[in-house]
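I have placed the structure first, in the form of C-alpha cells, so that the comments after it can refer back to it.
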Amino acid sequence: MEELTPEAWRRLLRRPLAAPADLPLYGPLCGAAEFVLGRLAQSLDGYIALRDGRSQWISGPEDIAHTHRVRALSDAVVVGAGTVRADDPQLTTRLCEGPNPVRVILDPALRLPATHRVFDGSVDTLVVAAGTARSANRVGAAEVLRVAGTEHALDLPALRAALRARGLRRLFVEGGGKTVARFLAAGLLDRLHVTVAPMLMGAGIPAFPLPPVDNLGEAPRYTWAVHPIGRDILLDIALTPP
Ligand SMILES: NC(=O)c1ccc[n+]([C@@H]2O[C@H](COP(=O)([O-])OP(=O)(O)OC[C@H]3O[C@@H](n4cnc5c(N)ncnc54)[C@H](OP(=O)(O)O)[C@@H]3O)[C@@H](O)[C@H]2O)c1
C-alpha cells in the first residue's frame with residue numbers, strides 16, 4: 001500500500017458521509033433499521049489472504065476508510081476466530097467519525113486467548129460460543145454469549161435473534177471468508193460489499209468457501225452496482241429486496 005501521511009489519512013477517513021457521491025453506497029445502510037452486510041476484499045483470483053494468513057493489505061486506503069465508515073453505521077461488527085487469530089484486529093472506528101460497534105467474535109470452542117486486542121475492554125465485546133465450549137462467562141473483558149448449534153456449526157439464525165434481543169440489528173460481517181460464506185449459505189445476508197483489487201495471489205485463503213455447484217445453471221447469480229474505490233472496485237450486491 002502506498003505510504004500516506006497522517007494528514008492524508010485524516011482527510012481520507014473524515015470525509016463526510018453525506019457527500020452526494022456516497023449516497024448510492026451508504027444510502028441503503030443509513031436508511032435501514034436492520035441489515036446484515038457481509039464484506040470482503042479479495043484479489044482478482046478470489047483470495048482474501050496469503051496461505052499463511054497475511055492479508056494486510058489487499059485493497060487500498062480508500063477501501064479501508066470505507067470499512068471504518070461501515071463500522072460506524074453498524075450496531076455490531078462480526079468476525080470469525082480465524083481473523084482474530086491472524087490479524088489481532090481492534091475493529092473500532094478510531095480512524096473516522098462515529099461510534100464503535102459492539103464487537104462480536106465467533107469462537108465456538110472458546111479457544112482464542114484473552115490476550116487478543118478485541119478482549120481489551122475498550123469497546124463492548126461479545127464472544128459467541130457453543131453450549132459445549134468450556135465453562136467461562138468472560139474472555140478477558142468480553143462477555144461469553146452461548147448460542148445453539150455445535151462447535152463446528154453455530155446456529156446463525158439463533159445468533160441473529162440473540163443479537164437482535166440486545167438491540168443489535170445492523171450487523172456488519174467483516175470476515176473472514178468462512179464466516180461470510182456461512183452467513184451467506186444460511187440466507188442471512190441482505191447485502192455484500194466485495195472489493196476486488198487488481199492483483200493476483202496464485203494461492204491463498206479463498207473468499208467464499210462454499211459447497212461446489214455441479215452445473216453452472218445452478219450457480220447463484222447476482223446483479224451488482226459497481227463503485228470505483230481508489231485503485232480498486234467495490235461490488236455492492238443487494239441479496240434481499242429493501
Ligand atoms: N481480505 C479480507 O477482506 C479479510 C477480512 C477478514 C479476514 N481476512 C483474513 O482471512 C483469514 C481468516 O479467514 P478464515 O476464512 O480462515 O476464518 P474466519 O472466517 O475469520 O474464522 C473462521 C472461524 O470462525 C469460527 N466460525 C465462524 N463462523 C462459524 C460458524 N457459523 N460456526 C462455527 N464456527 C464459526 C470457527 O472457529 P474455529 O476455528 O474455532 O472452529 C471458524 O474456523 C485471515 O488470514 C485474515 O487475515 C481477510
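Atoms within a ligand are numbered from 1 in the order they appear, just like the ligands themselves.
- Here the heavy atom of the protein found nearest to atom 29 (C) of ligand 1 is Arg182 NH1, 3.3 Å.
- In this structure, Leu91 CG and Ser122 OG are separated by 10.0 Å, a value rounded to the nearest 0.5 Å.
- In this comparison of Ala207, Ala133, Pro108, the heavy atom closest to atom 37 (O) of ligand 1 sits on Pro108.
- Residue contacts with ligand 1 include Glu174, since one or more of its heavy atoms lies under 4.0 Å from the ligand.
- Although no hydrogens or angles enter the test, the distance criterion places no donor-acceptor pair under 3.5 Å between the side chain of Ser74 and the main chain of Val77.
- Counting heavy atoms under 4.0 Å from ligand 1, residue Ala153 touches it through the backbone alone.
- Each of the atoms 6 (C), 7 (C), 13 (O), 15 (O), 18 (P), 19 (O), 20 (O) of ligand 1 lies under 4.0 Å from some heavy atom of Gly176.
- Scanning the protein for heavy atoms near atom 24 (O) of ligand 1, the closest one is Ala81 N, 3.1 Å.
- With hydrogens and angles disregarded, no donor-acceptor distance shorter than 3.5 Å links the side chain of Arg191 to the backbone of Leu239.
- The shortest contact between atom 47 (O) of ligand 1 and any protein heavy atom is with Asp87 OD1, 2.6 Å.
- Ranking the protein heavy atoms by distance from atom 27 (C) of ligand 1 puts Thr179 OG1, 3.2 Å first.
- Within ligand 1, the atoms closer than 4.0 Å to a non-hydrogen atom of Leu40 are 3 (O), numbered from 1 in the order shown.
- The shortest N or O to N or O distance between Gly82 and ligand 1 is below 3.5 Å.
- Panel note: side chain Asp107, backbone Ala129; no donor-acceptor pair is recorded below 3.5 Å.
- With no hydrogens or angles considered, no side-chain donor-acceptor pair links His227 and His66 at under 3.5 Å.
- Considering both main-chain and side-chain atoms, Ile58 never comes within under 3.5 Å of ligand 1 through any nitrogen or oxygen pair.
- The single protein non-hydrogen atom nearest to atom 45 (O) of ligand 1 is Gly53 O, 2.7 Å, given as residue, atom name and distance.
- A donor-acceptor pair under 3.5 Å links the side-chain atoms of Arg170 to the main chain of Ala32, judged by distance alone.
- One option in Arg111, His152, Lys178 has a heavy atom closer to atom 41 (O) of ligand 1 than any other, and that option is Arg111.
- When non-hydrogen atoms are compared, ligand 1 lies under 4.0 Å from the backbone of Leu154 as well as from its side chain.
- Of the possible polar contacts, none joining the Thr179 side chain to the Val79 backbone as a donor-acceptor pair under 3.5 Å is found.
- With hydrogens left out, the protein atom closest to atom 11 (C) of ligand 1 is Ile205 CD1, 3.9 Å, a heavy atom.
- Both the backbone and the side chain of Leu106 come within 4.0 Å of ligand 1, judged by heavy-atom distances.
- Within 6.0 Å of atom CG in Asp52, more than 12 heavy atoms from other residues, nucleotides or ligands are found, so the atom counts as buried in its surroundings.
- A donor atom on one side chain and an acceptor atom on the other are not found under 3.5 Å apart for Asp232 and Ser59.
- A donor-acceptor pair is defined here as one N or O able to donate and one able to accept, closer than 3.5 Å; such a pair exists between the side chain of Asn100 and the backbone of Thr93.
- Nearest protein neighbour of atom 20 (O) of ligand 1, counting heavy atoms only, is Thr83 OG1, 2.6 Å.
- The backbone N or O of Asp63 lies less than 3.5 Å from a partner atom in the side chain of Thr67, making a donor-acceptor pair.
- Taking 4.0 Å as the cut-off between side-chain N and carboxylate O, Glu143 and Arg166 count as a salt-bridged pair.
- Interface of Leu156 with ligand 1, defined as ligand atoms under 4.0 Å from a residue heavy atom, comprises 31 (N).
- Ile48 CD1, 3.3 Å is the protein heavy atom nearest to atom 10 (O) of ligand 1.
- Within the listing of ligand 1, atoms 44 (C), 45 (O), 47 (O) sit less than 4.0 angstrom from a heavy atom of Ala86.
- Not a single heavy atom of Val79 sits under 4.0 Å from any atom of ligand 1.
- Thr83 places a side-chain N or O within donor-acceptor distance of the main-chain N or O of Gly176, the cut-off being under 3.5 Å.
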